[in-house]
Amino acid sequence: MSPQSDRRAVVLLSGGLDSATAAAITQREGFELYALTLRYGQRHAAELACARQVAEAVGAVRHIIAPIDLRAFGGSALTDDIDVPKGRDLASIGDDVPITYVPARNTIFLSFALGWAEVVGARDIVIGANALDYSGYPDCRPDFLHAFETVANLGTRAGREGKAPFRIRAPLLTLTKAEIIQRGLTLGLDYSLTLSCYDPDDDGRACGQCDACLLRLKGFRETGVTDPARYQTVSRR
């Protein structure tokens, strides 16, 4: 592996706050960014436009939006005709696995990222997973990410040939939402480019009431900074 490829990273970029921050952190660490966005049939497709803007803002060498169809399976409020929960008690978010969980989504996403990483010679795969202020998804936990790293090194030609190991990097894993936002602001990240909503309207404005919006707004309140995202009707402070 060349010294140049050692500084390449495939970054999963959804267009949301967390993945944008993870990308900005990775860019600041000196990596060349290969940004990967999955168009998987999610109802919040407005985030794809945000992902394009974020990829440009963080200087991605290349940005791919790859189509897959998880609506064929359904089973989630994000990929099926199921209402997105709104107005939940913040204290209860993360206690269980909500209906917005998309079955095996991060396993699928990381597999796509791994495939591209092999092609471009990257050994670092970056995901904006968080296990503190999060919705309770099982595929955001540290043990899952460690297990996938093992899979990556067992199931690839690069791993079999004994080349430098793949690393699954989750720089936000143990940060609160407020700490994530503060880190991004320090890096000069423009959060108006991002969308964290599970159920935006046709104009791409966030609903302000789904779990993702509530956690984002909580983080901005704790940071003492006004959220620059566009909302339908919500108090941002």
Side-chain angles (χ1 to χ4, degrees), residues 1-40 42 51 54-55 58-70 73 75-76 79 97 101-132 134-175 179-180 183 187:
M1 184 177 61
S2 70
Q4 183 180 14
S5 63
D6 189 41
R7 303 307 294 171
R8 292 174 181 168
V10 173
V11 181
L12 286 166
L13 190 65
S14 70
L17 181 151
D18 290 343
S19 68
T21 307
I25 290 171
T26 307
Q27 189 274 337
R28 180 60 62 90
E29 291 176 346
F31 284 87
E32 290 184 355
L33 302 188
Y34 290 77
L36 176 61
T37 303
L38 282 303
R39 186 172 70 242
Y40 61 93
Q42 66 271 47
V54 172
V58 298
V61 173
R62 189 176 176 193
H63 179 211
I64 288 179
I65 298 179
I68 54 178
D69 185 14
L70 297 186
F73 304 144
S76 166
T79 58
V97 180
Y101 163 69
V102 178
R105 180 174 61 178
N106 280 350
T107 305
I108 296 166
F109 284 11
L110 285 168
S111 297
F112 270 71
L114 176 61
W116 196 23
E118 276 214 281
V119 172
V120 301
R123 290 296 173 264
D124 290 85
I125 297 171
V126 181
I127 183 171
N130 175 258
L132 285 183
Y134 80 131
S135 295
Y137 300 154
D139 52 4
C140 288
R141 297 176 302 169
D143 51 356
F144 164 75
L145 298 174
H146 293 154
F148 190 89
E149 185 171 87
T150 299
V151 168
N153 287 296
L154 286 174
T156 55
R157 183 173 66 183
R160 179 175 178 177
E161 292 176 349
K163 297 180 180 179
F166 288 102
R167 293 169 294 204
I168 305 301
R169 295 161 52 90
L172 315 181
L173 194 61
T174 59
L175 301 181
E179 289 170 336
I180 293 168
R183 185 71 185 278
L187 294 172

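Please read these numbers as outputs of a predicted model, since none were measured by experiment.
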Taken in chain and number order and not counting sequence neighbours, the residues that satisfy side-chain contact (heavy atoms from CB on, under 4.5 Å) with S19 are L13, S14
Under a 4.5 Å cut-off applied to non-hydrogen side-chain atoms, are E32 and R8 in contact?
-> yes
Residues which pass side-chain contact (heavy atoms from CB on, under 4.5 Å) with N153, listed by chain and number, not counting sequence neighbours | E149, P165, F166
Heavy-atom closest contact (R39 atom, P67 atom, distance) | NH2-CB, 3.3 Å
Is there a donor-acceptor pair under 3.5 Å between the side chain of R141 and the backbone N or O of P138?
-> yes
For residues L38 and L12, determine if any side-chain heavy atom of one lies less than 4.5 Å from a side-chain heavy atom of the other.
-> yes
Search all heavy atoms of L145 against all heavy atoms of C140 and return the closest pair with its distance.
-> CD1-O, 4.4 Å
Nearest-0.5 Å distance, CG of residue L114 to CD1 of residue I168 = 7.0 Å
All heavy atoms of A23 vs all of L33, minimum pair found to be O-CD1, 3.5 Å
Taking all atoms of both residues into account, what is the closest heavy-atom pair of T26 and A9, and its distance?
-> CG2-CB, 3.9 Å
State whether the number of non-hydrogen atoms from other residues, nucleotides or ligands found under 6.0 Å of R167 atom CZ is greater than 12.
-> yes
Minimum heavy-atom distance A170-A129, with the two atoms named = CB-O, 4.4 Å
Separation between CD1 of I127 and CZ of F144, rounded to the nearest 0.5 Å = 7.0 Å
Which pairs would a plain distance check flag for residues 103-113, meaning a side-chain donor or acceptor within less than 3.5 Å of a matching protein atom at least two apart in sequence or in another chain?
residue, atom, partner, partner atom, Å
R105, NH1, Y40, OH, 2.8
N106, ND2, D139, O, 2.8
S111, OG, T107, O, 2.7

Please report the closest heavy-atom contact between N130 and L172, naming both atoms and the distance.
-> ND2-O, 2.8 Å
Indicate the ring-plane relationship of Y101 and Y137, choosing parallel, tilted or perpendicular according to the 30° and 60° boundaries.
-> tilted
Calculate, to the nearest 0.5 Å, the distance between atoms CZ and CZ belonging to R7 and R123 respectively.
-> 14.0 Å
